[in-house]
Chemist: 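Here it is, the structure in full.
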Amino acid sequence: MDENVTTIHITKVLSSLGIMNLLEEYPNLEKITCSPSVYERTSSNYIQALNQLDIEVVKQYRWGASRQSCDYEKDLLRLASEGYKAKDIAEILDISVNRVYYLLRRNKTKLDTNTKKHDYDEIISLKESGLKPKEISEKLDIPLRTVYYILNKK
């Protein structure tokens, strides 16, 4: 039970049981916000009953996740600026590689590293010397799709 909360945002259509649970959990509730689609699917009788209890139900968009800072973000940026690869950073910080890429994209203006450009001539010469794309990828430690992209570029 949270007595300090006066406004909540819901993502599901209100039902009688749902309203009772909300009133129990938030005794000082004054305002409920929801998306227009949830509002339209909620019974007008429920909305009127809540209005009689001095609880306002309002349509409000809440798109996307709220932007939250994480405690390891500075470490991630430091490791990236030192030249660590995303996979290594993920292992060091014990987070997913996708999370590393997301945070790097989100903070790309804070990074003062030069983006690594692949040596096209080296990749082509390795291919001509008989190495397969997968071997080139492993040797140069670059994504396989990058090797294919460079080799198929006209």
Side-chain angles (χ1 to χ4, degrees), residues 1-15 17-22 24-26 28-43 46 56-154:
M1 184 159 81
D2 197 345
E3 296 179 7
N4 298 329
V5 175
T6 59
T7 302
I8 61 167
H9 183 81
I10 59 168
T11 56
K12 295 182 181 178
V13 176
L14 288 171
S15 64
L17 180 61
I19 292 171
M20 296 306 294
N21 289 338
L22 289 176
E24 219 173 86
E25 189 172 348
Y26 308 105
N28 295 326
L29 189 61
E30 296 174 2
K31 186 177 186 180
I32 298 174
T33 61
C34 61
S35 68
S37 64
V38 170
Y39 185 89
E40 299 303 325
R41 290 181 288 150
T42 301
S43 169
Y46 293 151
E56 183 182 15
V57 181
V58 180
K59 299 178 203 177
Q60 180 179 350
Y61 286 104
R62 289 237 177 140
W63 289 331
S66 60
R67 184 177 176 137
Q68 297 176 352
S69 180
C70 51
D71 53 350
Y72 51 80
E73 201 163 348
K74 287 181 182 176
D75 294 332
L76 181 138
L77 294 173
R78 180 182 48 78
L79 291 169
S81 66
E82 291 174 3
Y84 284 87
K85 297 186 182 329
K87 183 179 177 183
D88 299 331
I89 295 171
E91 288 176 9
I92 292 168
L93 298 177
D94 194 29
I95 58 176
S96 72
V97 177
N98 286 341
R99 181 76 176 154
V100 171
Y101 284 127
Y102 167 74
L103 291 170
L104 290 175
R105 270 193 320 274
R106 187 170 94 177
N107 293 294
K108 68 180 173 184
T109 57
K110 294 180 186 175
L111 286 175
D112 53 2
T113 59
N114 296 330
T115 56
K116 180 180 175 185
K117 299 292 181 191
H118 304 293
D119 187 0
Y120 284 59
D121 296 331
E122 183 180 10
I123 292 171
I124 292 170
S125 68
L126 287 172
K127 174 66 176 165
E128 289 171 352
S129 70
L131 286 178
K132 296 180 180 176
K134 186 172 183 179
E135 296 168 334
I136 297 170
S137 168
E138 292 168 356
K139 180 175 179 148
L140 299 178
D141 196 23
I142 59 175
L144 182 59
R145 67 176 178 264
T146 303
V147 174
Y148 278 118
Y149 173 79
I150 292 170
L151 292 175
N152 292 326
K153 193 172 182 181
K154 295 177 174 127

Chemist: For the backbone of I142 and the side chain of S137, can you confirm whether one donor and one acceptor N or O come within less than 3.5 Å of each other?
Modeler: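 Yes; at least one donor-acceptor contact below 3.5 Å.
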Chemist: Which value, rounded to the nearest 0.5 Å, describes the distance between N107 atom CG and K74 atom NZ?
Modeler: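 Those atoms lie 11.5 Å apart.
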Chemist: I'd like to know if the side chain of T33 reaches the main chain of I8, judged simply by a donor and an acceptor atom lying under 3.5 Å from each other, with no hydrogens or angles considered.
Modeler: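 Here the side-chain-to-backbone pair exists.
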Chemist: Got a second to check how far S125's OG is from I136's CD1, nearest 0.5 Å?
Modeler: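 Here the rounded value is 8.0 Å.
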Chemist: Pick one: which of I123, I150, L151, T146 meets side chain to side chain contact (heavy atoms under 4.5 Å, CB included) with P133?
Modeler: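 Among the candidates, only L151 passes.
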Chemist: If I take atom CD from residue E30 and atom OG1 from residue T7, how far apart are they, to the nearest 0.5 angstrom?
Modeler: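 It comes to 6.5 Å.
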Chemist: If I compare all heavy atoms of S37 with all of R41, which pair ends up nearest, and what's the gap?
Modeler: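 So the two residues come closest at O-NE, 3.1 Å.
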Chemist: Is there a donor-acceptor contact under 3.5 Å from the side chain of T42 to the main chain of V38?
Modeler: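 A pair under 3.5 Å: yes.
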Chemist: Just how far is it from atom CG of L17 to atom CE of M20, taken to the nearest 0.5 Å?
Modeler: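 Here the rounded value is 8.5 Å.
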Chemist: Would you compute the distance between atom CZ of R78 and atom CD1 of I89 and round it to the nearest 0.5 angstrom?
Modeler: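 One finds 9.5 Å between CZ of R78 and CD1 of I89.
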Chemist: CG/L14 to CG/N21 distance, rounded to the nearest 0.5 angstrom?
Modeler: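 Reported to 0.5 Å precision, the distance equals 11.0 Å.
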Chemist: Start with the C-alpha distance between D75 and I92, add both sets of side-chain angles, then the distance that settles side chain to side chain contact (heavy atoms under 4.5 Å, CB included), and finish with yes or no.
Modeler: CA-CA 10 Å; D75 294 332; I92 292 168; over 6 Å; no
Chemist: Before you tell me yes or no, could you show the steps for L103 and Y72 under side chain to side chain contact (heavy atoms under 4.5 Å, CB included), namely the whole-Å CA-CA distance, both residues' side-chain angles and the distance that decides it to 0.1 Å?
Modeler: CA-CA 10 Å; L103 291 170; Y72 51 80; 3.7 Å; yes
Chemist: Kindly give the heavy-atom pair with the smallest separation between Q60 and H9, and that separation in Å.
Modeler: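 Minimum heavy-atom separation between Q60 and H9: O-CE1, 3.5 Å.
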Chemist: Would you find more than 12 non-hydrogen atoms of other residues, nucleotides or ligands less than 6.0 Å from N28 atom CG?
Modeler: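 Yes - once you tally the heavy atoms of other residues, nucleotides and ligands closer than 6.0 Å, there are more than 12.
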Chemist: I would like to know whether L93 and L79 meet side chain to side chain contact (heavy atoms under 4.5 Å, CB included); could you show each step before the answer?
Modeler: CA-CA 10 Å; L93 298 177; L79 291 169; 4.3 Å; yes
Chemist: Over all heavy atoms of both residues, which pair between L104 and L76 is shortest? Give the atoms and the distance, please.
Modeler: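 Result for this residue pair: CD2-CD2, 3.6 Å.
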Chemist: So which heavy atom on A86 is nearest to which on V97, and how close?
Modeler: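 It is CB-CG1, 4.3 Å.
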Chemist: What are the two closest heavy atoms between L140 and E122, and how far apart are they?
Modeler: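 Distance-wise, the nearest heavy atoms are CD2-OE2, 3.3 Å.
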